[in-house]
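Just so you know, ligand 1 is whichever comes first in the structure, and atom 1 is the first atom listed for that ligand.
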Amino acid sequence: MPTFRAPRGTRDLLPPERAVFGRLEAVARDLSRRYGYREMETPLFEQAAVFERGIGEMTDVIEKELFRLVPRSEEGEVWALRPEATAGIVRGYVQHGMHTWPQPVKVSLIGPMFRYDRPQAGRYRQFWQWDVEAIGDPGPAIDAELIELGARFYREAGLDDVLLLLNSIGDTECRPAYVAELAAYFREHAVQLPDLERRRLETNPLRLLDSKDPSLAALQARAPRIVDRLCPACAEHFGAVRSHLDTLGIAYRLEPALVRGLDYYTRTAFEYYREGAEGQQQALGGGGRYDGLVQLLGGQPTPGIGFALGLDRVALNLQSSGLAEGQRPPLAVIVGAEPAATAERLKLATALRAEGLPVRADLSRRKLGRQLEGAARDGAHFAVIVAEGSENGALQLKDLQAGTQRPLAAVDLARELRRAESSHRHG
Ligand code: HAM
């Protein structure tokens, strides 16, 4: 047992897995650019009140999962690690007067989030999200644009079987009466409720709808549904979101029990799952509209919508389906007939790297045969053999894939490798 380990619920991303994350980030950044979202950063920690007020004191994320930092007396502020990005981004929108920018303000953020959750497969205490927000547009068209963007991410990342679940959870007009009706319904059946759910009934009755406790299944199935009780404005909005999605050819499943775990949502709510894996903790991403949040955090009334996609879960799904790309092999490995002439090999590799080529120099003092074995094990396309005393002279270019070898002048090497690289697209 090593003396120190990464904290429970966290993990090191070793190079092969980090490479998968890097590819997902590249897909996300490219989509952000195409869809007009500009990246921003917020601090990894904020005043705890930003999250408490934004996300809601009675949510699991705040009540149980918030990583609070020990208060530093000289500042007199209580901080917490960010459990998600939306509250911080909206705090930034208000702080920097972004309502004076052209609306909507479309921003994205890729980074780690922290939740003190019970760790299990796909659920970590530090995890990564790609978060996208469009602030200042009431929809409905932008709702569809954003939902389609999320769906496209999974396809471009390599997951073709991602399902979209959709609901509308109303607004301040229609939801309070619905929540009261829901609470009354569950209260009538209070004896059947497990302890935890009976407590939730008093604090956050909506959560009973997406509780996965099997003893609740029958009650949930008969519970009143918010979609049947939307006020006319919310119903019209939802209908328009759906028809925009239809126009874009985006398939979805209506999910009346989808209420999301954060309090700031209004109207449109959605989640992405892999087909057949719609259980708890399996969501690959989710989001929705939050038309009250800007005001809640001190700004003018401003609508907004966004999503966050969990990169860890996407990476896990790619890996378990054998879709994650392995490490990129070097294009060439520089080996030498003179084992001790490491400076020569290093110099040649340095010159090629300066030209932008991905090469490795064998800096061991192994015999040539062993160096060549190493190059083959790396999956390199070429081994460049520096012959004894070949200072500026002839090299041997060995094509490890074709099994051929030919002499080559050092001055021609970079051009030759570049040509092979562009015709072959290594990695
Ligand atoms: P969320 O549903 O709490 O929404 O999280 C979004 C996604 O982050 C989840 O679907 C999941 O893939 C991933 N995720 C959440 N918790 C964990 C965890 N403990 N371990 C691994 N992955 C996790 C939000 O965070 C909202 N801020 C989304 C949003 C943006 N709504 C509007 N704008």
Next on the checklist: Set out, in order, the CA-CA distance, both residues' side-chain angles and the distance that settles ring pair (Phe, Tyr, Trp, His ring centres under 6.0 Å) for Y93 and W101, then state yes or no.
Outcome noted: CA-CA 10 Å; Y93 177 93; W101 298 14; 8.1 Å; no
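Ion pair E197/R207 not flagged as a salt bridge, since none of the NZ, NE, NH1 or NH2 atoms sits closer than 4.0 Å to an Asp/Glu carboxylate oxygen.
Geometric assessment of R125 against the ring of F67 yields a negative cation-pi assignment under the 6.0 Å and 45° thresholds.
Taken to the nearest 0.5 Å, the CZ atom of R274 stands 10.5 Å off from the CG atom of L316.
Classification of the F270-Y272 ring pair by plane angle, with boundaries at 30° and 60°, yields perpendicular.
Using a 4.0 Å heavy-atom criterion, the residues that approach ligand 1 are E84, T86, R115, G122, R123, Y124, F127, Q129, D131, E133, R260, L262, Y264, Y265, A283, L284, G285, G286, G287, G288, Y290, G306, F307, A308, G310, R313.
Between the side chains of T268 and S168, no donor-acceptor pair is found at a separation under 3.5 Å.
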